[in-house]
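Since the structure comes first, as structure tokens, the remarks are kept for the end.
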Amino acid sequence: MKIFIQNLPKAELHLHIEGTFEAELLFKIAQRNQIKLPYNSVEELAEAYHFNCLQDFLDIYYQGAGVLLYEQDFYDLTYSYLTKCAEQNVRHTEIMFDPQTHADRGVSFETIINGISRATADAEKNFGITSFLIMSYLRHLSEEEAFKTLAQSIPFKHQIKAVGLDSSEKGNPPSKFQNVFKASVLEGYIPLAHAGEEGNADYVWEAIDLLGIKRIDHGNNSLQDEKLVTEIIKRDLALTVCPLSNLALKVVDNLKDHPLKKMMNLGLKVTINSDDPAYFGGQVNKNYEAIQVALNLTKEDLYQLAKNSFEYSLLDDLTKQKNIQELDKYYQLNS
Ligand code: ADE
Ligand code: ZN
């Protein structure tokens, strides 16, 4: 199964670039930028990666992102992630980035997007991996702040495919961002959002009804509400599920209790993703491996999950079909 997963062509649809910041690279960039970290070694930093909830994690994640200052930092971070994608047979990625996390330190939108875009262009040239960017609004900040970010993004909008909504979910419902999502859609961005990770099913309802999202990040708590499940299936919205993230942030106590297979059995379209791989103990293939073992998934299940990753990506239909044909060929030869 491990080899089957390793060679399985796949896409990753739920990934925060700031969450790919491995401790070694973080230390290297901190040194380069002469920023003192509250840790003395890579090991000490990695020791801090134990969380009881989403907020515990976010505090460390924002601290880590605080060493990113220059275009080259964003380039190095993104190229390092894409190199790992190439090693895992990831053919396409949809990368979230949080401009507001960096704006506070005076890092311009241009610096961030140029660094990330240069890395995605190089990865396409060197590895054949395609990438789209998702600009995510931080939900613990105000809608007014999100509007500022939207305005800053306009000169670069040809480089951005979609908008997302992330950070502290509880107490920050999707309804808070209804106006900025409407404005983002008018600018041509596809609306996406985290919903139902820690927040309940009502937050998922708001995200699909008020924000009109085309894909649900996490969505675990949708299962609290049968009518919602029926509606998600009717609207053909996929859930980007992140097993090791759910385990690390105690959304589930044990991977054996993870609802992924139940979701699939109900007819929900699900994909497997790493979310913040540097912090949650594994890249996308490790997520496939861990959930395969925990839920005893078959090769057919894994094939279906990989197929969903292309089908529910934001790629055009022709490119989706090309990727799926390659996947089908692989499955025929290896099942
Ligand atoms: N930002 C980075 N990872 C996140 C997650 N899993 N949920 C919400 N915001 C995030
Ligand atoms: Zn996420």
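In what follows, residues are counted from 1 in the order of the sequence shown. Keep in mind that the numbers below use all heavy atoms, side chains included, and drop hydrogens, waters and symmetry copies. For ligands, and for the atoms within them, numbers begin at 1 and follow the listed sequence.
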- Message: Students should be able to answer this: which protein heavy-atom is nearest to atom 6 (N) of ligand 1, and at what distance?
- Response: Asp275 OD2, 2.7 Å
- Closest to the Zn ion (ligand 2), among the N/O/S atoms of Asp275, is atom OD1
- Distance-only donor-acceptor check, side chains Asp122 and Thr120, under 3.5 Å: no
- Task: Report yes if Asp98 has an N/O atom closer than 3.5 Å to an N/O atom of ligand 1; otherwise report no.
- Result: no
- Task: Identify, by atom number and element, the atoms of ligand 1 in contact range of Leu58, meaning under 4.0 Å from any of its heavy atoms.
- Result: 1 (N), 10 (C)
- Task: Indicate yes or no: does an N/O atom of Ser167 lie under 3.5 Å from an N/O atom of ligand 1?
- Result: yes
- Between the candidates Glu18, Glu198, Glu197, His140, which shows the shortest non-hydrogen contact distance to atom 5 (C) of ligand 1? Glu197
- Establish, yes or no, whether a centroid distance under 6.0 Å links the rings of Phe4 and Tyr330. yes
- Message: Give me the residue, atom name and distance of the protein heavy atom closest to atom 3 (N) of ligand 1.
- Response: Asp276 OD2, 2.7 Å
- For the Zn ion (ligand 2): the N/O/S atom of His14 at shortest distance: NE2
- Query: Tell me, which protein residue and heavy-atom name are nearest atom 1 (N) of ligand 1, and how many Å apart are they?
  - Reply: His16 CE1, 3.5 Å
- Item | Angle, NE2 of His16 through the Zn ion (ligand 2) to NE2 of His194 - 10° precision | 100°
- Query: Are side-chain N/O atoms of Glu143 and Asn179 paired as donor and acceptor at under 3.5 Å?
  - Reply: yes
- Task: Please find out if less than 6.0 Å separates the ring center of His140 from that of Tyr62.
- Result: yes
- Message: Donor-acceptor pair, distance only, cut-off 3.5 Å: does the side chain of Glu18 make one with the backbone of Phe97?
- Response: no
- Is the shortest distance from a heavy atom of His218 to ligand 1 less than 4.0 Å? yes
- Would Leu249 and Val284 show up in the same hydrophobic cluster when neighbours are defined by side-chain heavy atoms closer than 4.5 Å? yes
- Within a distance under 4.0 Å of any heavy atom of Phe57, pick out the atoms of ligand 1 and give their elements. 2 (C), 3 (N)
- Query: Can Leu68 be reached from Met135 by stepping across I, L, V, M, F, W or Y side chains whose heavy atoms are under 4.5 Å apart?
  - Reply: yes
- Item | Passing option when His14 is tested against His194, Arg215, Glu94 for side-chain contact (heavy atoms from CB on, under 4.5 Å) | His194
